[in-house]
Amino acid sequence: MEYQHTKIEKKWRALWDEKKVYRTTEDEGRPKYYVLSMFPYPSGAGLHVGHPLGYIAADIYARYKRLQGYNVLQPMGYDAYGLPAEQYAIQTGQHPALTTEQNISRYREQLDLIGFSFDWEREVRTCDPGYYKWTQWAFQKMFNSFYCYSCQKAQPIEKLVHRFETKGTEGLNIAQSEELSFTAEDWKTMSEVEQQQVLMNYRIAYLGETMVNWCAELGTVLANDEVVDGVSVRGGYPVVQKKMKQWCLRISAYAQRLLEGLDTIDWSESIKETQRNWIGRSEGAEMQFRVKGEDFEFTIFTTRADTIFGVTFMVLAPESELVERLTAPEQKAAVETYIEETKRRTELDRMAGKKVSGVFTGKYAINPFTGEEIPIWVSDYVLAGYGTGAIMAVPAHDSRDYAFARHFGLPIVPLVEGCDVSQESFDAKEGIVTNSPQAGKTALHGFSLNGLSIKDAIQKTKDFIAEHDIGRVKVNYRLRDAIFSRQRYWGEPFPVYYKDGMPQMIPQECLPLLLPEVSKFLPTATGEPPLGNATRWAWSVKEKCVVDNVLIDHKDVFPLELSTMPGFAGSSAYYLRYMDPRNNKALVDEKVDKYWQAVDLYVGGSEHATGHLIYSRFWNKFLFDCGVSCVEEPFQRLVNQGMIQGRSNFVYRIKGTNKFVSHGLKDDYDVTPIHVDINIVHADVLDLEAFRAWRPEYADAEFVLEDGKYVCGWAIEKMSKSMFNVANPDKIVEKYGADTLRLYEMFLGPITQSKPWDQNGIDGCYRFLRRAWNLFFDKQGQLAVTDDAPSKESLKTLHKLIKKVTEDMEEMSYNTSVAAFMIAVGEWAQQKCRNREVLEKFVVLLTPFAPYVCCELWQLLGHDDIVFDAQWPTFDEAYLKEDSVTLPVSFNGKTRFTIEVGADAANDEVEKMVLAHEQTARYLDGKTILKIIVVPKRIVNIVLK
RNA sequence: GCCCAGAUGGUGGAAUGGUAGACACGAAGGACUUAAAAUCCUUUGGCCAGUAAUGGCUGUGCGGGUUCGAGUCCCGCUCCGGGCACCA
């Protein structure tokens, strides 16, 4: 029988489906394992070969775990909300739900071909009301919570209300937008709206007026991770800073836990580092500076408290509220002009220009240690959003302060022994501190840092600051709260209405609040988000929401929130929903959650490092605090698959003609390279007929060939439709089969690495499968498996293979496993091994990689059950042992002769043998042995004096 | 500027401190074939010597070091990729 992949794969696809082999249920009797691939956004272009890379790797692992006896959960779904479908809707009027639905069907078709062991009964779609009900639910829970720093967790807002009623803000240690201070009495006299406004300052999901990234082209605000280099990630449109009232998530409250959690999870160092950078923890101190001649103090943040004696000026951010307060009348005009100027410069200019600019406020601060007067300046190199928006400038030890001091001729005072600040600042945090003022000249208690290392000096200063009430030790984070509103249509609607201008949560029993139909997907005439176009908009599947005897669906009395949630909302807890996707009563049943716990292996792209992977961790920690998720970190192990790039092919048209010249001869002509569809090129050789048929303008193309062939040029580029280099998995499955595609994608190289797709290598994997198949059949095509005792060699080959593949599994170095399979099959072919025992185990080993052909072979071997229920074989070292080993013996590194010893010979045995060897005596003539090094089974080295 | 990860044949890539280049592609040669495809076999890091079997030298970005022995460990560079960035 010949290996017919099409027939086999068709047969088993139907059988798997019929027998529901991938259905997973909770089973207390078996250990669980949760494998998850990041769910895709179903784009119109369909899957290319890059997409399944991670899925295949995850699937292999899932199948391996199952063969090892684990109860494996491996679901799949769709991240269905997103901008492309909406942009498409704006252009064509096609409802995004429809486009999304079509794209999903296409994705499903493609995914089904490749033979994944997904339990499709657990499929989720973020745009499905049964799903986003729980996204809305989680949002409401965040609205109704605050973050307590003392107990390090989220708490219900009622607790805070109670606290305000009894103690006001006294001794409060919780996450907040700004520091408020009031007594219990104050609280009680506040109106309800005032109380709501106060609570907004503490809620984890809160409505805040903040600087946001506004993208005019997309008509929406964007989160920090959606903006790179001043333009939107999607579309590359310019983004400006704008103050707007928006829903935000107080993710900054979780900064420390997000940081600490990284040490408990098995993720690549680079992605952890990316998250650490993004969180940006910096330990320092806040210090108060008094303003000269006034009873007014302002606070600065510094990580270099030790440099207090080198402060020669202060700088305020232009946007800082302090600027107005700290501008002397005579400088008012100059400061205002400067601030106007900075406003006009966009974020991008500020980054690109890096021109030193600033203006003096006319006022002076008092150095709390020395009493010195320090001029206060305003400059845009200080950011309003970080720290306190004000700094103490130490030009000797900070390059930005240095540039500023040089530009404006301000003094520079070095504080580190032996440093040279004549050309540049000394930013290093190493060295011995000097130049503290002489005792007596110092304003405070003869405080001196001289002779200390910088590290010790920082600590000493911090201690001093705290003791003398000059300031306090403070940790700052770069991580900002996530802006949670988008002025778009295709997203989860907020379950929020407004009463007296204050947001109210739609009653939980009315969830989900469905996304309304709109007449058009653009903003309304009055500039409201697209949801403003809806006429009937607050409707619920269950019942109408009535408040104060008025239907909430009443625009004028209870306006609804018109923004929708961002893309990351739906993807933040989907792994929990997979555990219990049809549950109507809870996001996930407690018992079910206890069983599946968290994702054991998560596979996806590293581009989500500062987006989804942070939001999801935050979201899960919040749910953990609420007792919904039972594990604090949602993804225990993360593997980032690399990107697959495209390998484009080119033809070379001679300018002004319809004549194409082969790659090797192109230098003899004046040519234009043109991208050519890689599907009509095989092994870089162009199919001339297919090319003529490809496009009408090439119908009568002429060719200049080399060796009778047209050879195309090539280049590695991003895989994209416009470069005609998209390798389509369907086509490969058709030609070679899904098993070959799976093997080849893994064989390409380590999965974590980015690499170009090279169609040319795929034959090798196809050949391997055919050879493997042929092990089971004789020349006449009859099944030729025998029950004879296996030969020693074939067992050795087998156990070598089991060992290698099992070891590779944990590391997911599947490329070397595939190589091991190839070697084993080669060896068995040579050994003429047809032994059932050996070949059966081989089939089990190969199953995760090539499930179709293995099912077929397993059946041909006479099994009634499916190979997925087989047992992963274990290896026996005994078969791998050699009887004897040949060891090269070298003198001072040069090989002289070899000896043969037993495989498990001890070192001293080998040594004795070497010494007894007659050639040893000859070499040693007149020399002394310094040392004999025996490397077991490898080499013997004798060092001579 | 700071942080992280990497650099091995024509190509993708293998190598618990122990025979570098597994495996695959590509290339060259051969077998079968009218021919082609398919399949199979041989060779394939570089240089040198030899008719040949073979032997020698050299070789993992560059320069040092540790070691009997380094692609692997340490120090210093160069280059490429990724992250952060007037974050005080």
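Partner assigned to B/A14 is none, using Watson-Crick or G-U wobble distances below 3.5 angstrom. In a base pair of the Watson-Crick type (N1 to N3 plus N6-O4 or O6-N4) or a G-U wobble (N1-O2 and O6-N3), with each distance short of 3.5 Å, B/U51 is matched with no nucleotide. Nucleotide B/A27 forms a Watson-Crick or G-U wobble pair with B/U43, both donor-acceptor distances falling under 3.5 Å. Pair check for B/C2 finds B/G83; Watson-Crick or G-U wobble, both atom distances under 3.5 Å. Of all nucleotides present, only B/C62 satisfies the Watson-Crick or G-U wobble test against B/G76, with each distance under 3.5 Å. Across the strands present, B/G21 finds no partner; the criterion is a Watson-Crick or G-U wobble pair with both atom distances under 3.5 angstrom. Taking a pair to require two hydrogen-bonding distances under 3.5 Å in either a Watson-Crick or a G-U wobble arrangement, B/U34 remains unpaired. Pair assignment for B/G71 gives none, since no Watson-Crick or G-U wobble pairing has each distance under 3.5 Å.
The same atom, C1', is picked in B/A20 and in B/G13; the two are 13 Å apart, to the nearest Å. The same atom, P, is picked in B/A36 and in B/G30; the two are 12 Å apart, to the nearest Å. Separation of the C1' atoms belonging to B/U44 and B/U11 is 14 Å when rounded to the nearest angstrom. Nucleotides B/C77 and B/G55, compared at atom P, are 43 Å apart to the nearest Å. For the C1' atom pair drawn from B/A14 and B/U8, the interatomic distance equals 10 Å after rounding to whole Å. Distance noted for atom C1' between B/G46 and B/C41: 26 Å (whole Å). Taking atom C1' on both nucleotides, B/U19 is separated from B/G81 by 33 Å, rounded to a whole Å.
As a whole-Å value, the separation of A/Lys804 NZ from B/C23 P is 13 Å. For the pair A/Ile454 CD1 and B/A88 C1', the interatomic distance rounds to 15 Å; values are reported in whole Å. In this structure, A/Lys429 atom NZ and B/A88 atom P are separated by 7 Å, rounded to whole Å. Between the P atom of B/A88 and the CZ atom of A/Phe404 lies a distance of 18 Å, rounded to the nearest Å. In this entry the distance linking CZ of A/Arg406 with P of B/C86 reads 24 Å, nearest Å. Atom C1' of nucleotide B/G26 and atom CZ of A/Phe747 are separated by 13 Å, given to the nearest angstrom.
The side chain of A/Met822 approaches B/A24 more closely than any other nucleotide in the set B/A15, B/A24, B/A88. Checking B/C86, B/C25, B/G83 against every side-chain atom of A/Arg767, the shortest atom distance belongs to B/C25. Picking from B/C4, B/G12, B/C84 the nucleotide with the shortest atom distance to the side chain of A/Lys755 gives B/G12. Residue A/Glu269 places its side chain closer to B/A5 than to any other of B/A5, B/G13, B/C86. The side chain of A/Leu383 has B/A88 as its nearest neighbour among B/G12, B/A88, B/C84. Checked against B/A88, B/G13, B/C86, the side chain of A/Tyr381 finds its nearest nucleotide in B/C86. Here the nucleotide nearest the side chain of A/Asn815, chosen from B/A88, B/A14, B/C4, is B/A14. Closest contact between the side chain of A/Thr303 and the listed nucleotides B/G13, B/A38, B/A88 involves B/A88.
A salt bridge links A/Arg276 with A/Asp263: the distance from a Lys NZ or Arg NE/NH1/NH2 to an Asp or Glu carboxylate oxygen falls below 4.0 Å. We find that A/Glu827 and A/Lys800 are joined by a salt bridge, their nearest charged nitrogen and carboxylate oxygen being less than 4.0 Å apart.
For A/Arg478 and B/C84, the shortest distance from a side-chain N or O to OP1 or OP2 is not below 4.0 Å. For the OP1/OP2 pair of B/G83 and a distance below 4.0 Å, the side-chain nitrogens and oxygens of A/Thr610 include no atom meeting the criterion. In this model, the phosphate group of B/A88 is approached by a side-chain N or O of A/Tyr386 to a distance below 4.0 Å at OP1 or OP2. Here A/Asn760 does not reach the OP1 or OP2 of B/U11: none of its side-chain N or O atoms lies under 4.0 Å away. Note on A/Arg276: every side-chain N or O is 4.0 Å or more away from OP1 and OP2 of B/C4. A sub-4.0 Å separation between OP1 or OP2 of B/G6 and a side-chain N or O of A/Gln753 is absent.
Residue contacts for A/Arg480: at a heavy-atom cut-off of 4.0 Å it reaches a base atom on one of the strands shown. Across all strands, A/Ile391 comes closer than 4.0 Å to base atoms (heavy-atom distances). Nucleic acid contact class of A/Asp758 (heavy atoms, under 4.0 Å, all strands): none.
If you check the side chains of A/Asn640 and A/Ser606, you find no donor sitting under 3.5 Å from an acceptor. When only modelled atom types and interatomic distance are considered, A/Gln645 and A/Ser754 share no side-chain donor-acceptor pair under 3.5 Å. Side-chain atoms of A/Tyr710 and A/Asp687 form no donor-acceptor pair, as typed in the model, at a separation below 3.5 Å. Residues A/Asp427 and A/Ser399 have side chains that bring a donor and an acceptor to within less than 3.5 angstrom of each other.
Cation-pi check for A/Arg617 over A/Trp278 is not met; the charged atom does not lie both under 6.0 angstrom from the ring centroid and within 45 degrees of its normal.
An anti base is found at B/G26: its glycosidic angle is more than 90° from 0.
Between A/Asn277 and A/Asp401, the residue anchored closer to the 5' end of RNA chain B is A/Asn277, taking for each the nucleotide with the nearest heavy atom. Nucleotides of RNA chain B nearest to A/Pro750 and A/Ala819 differ in position, and the one nearer the 5' end is that of A/Pro750.
Of the possible donor and acceptor atoms, one in the side chain of A/Asn213 sits under 3.5 Å from a partner among the backbone N and O of A/Leu222.
Environment of CD in A/Glu811: sparse, with no more than 12 heavy atoms of neighbouring residues, nucleotides or ligands closer than 6.0 Å.
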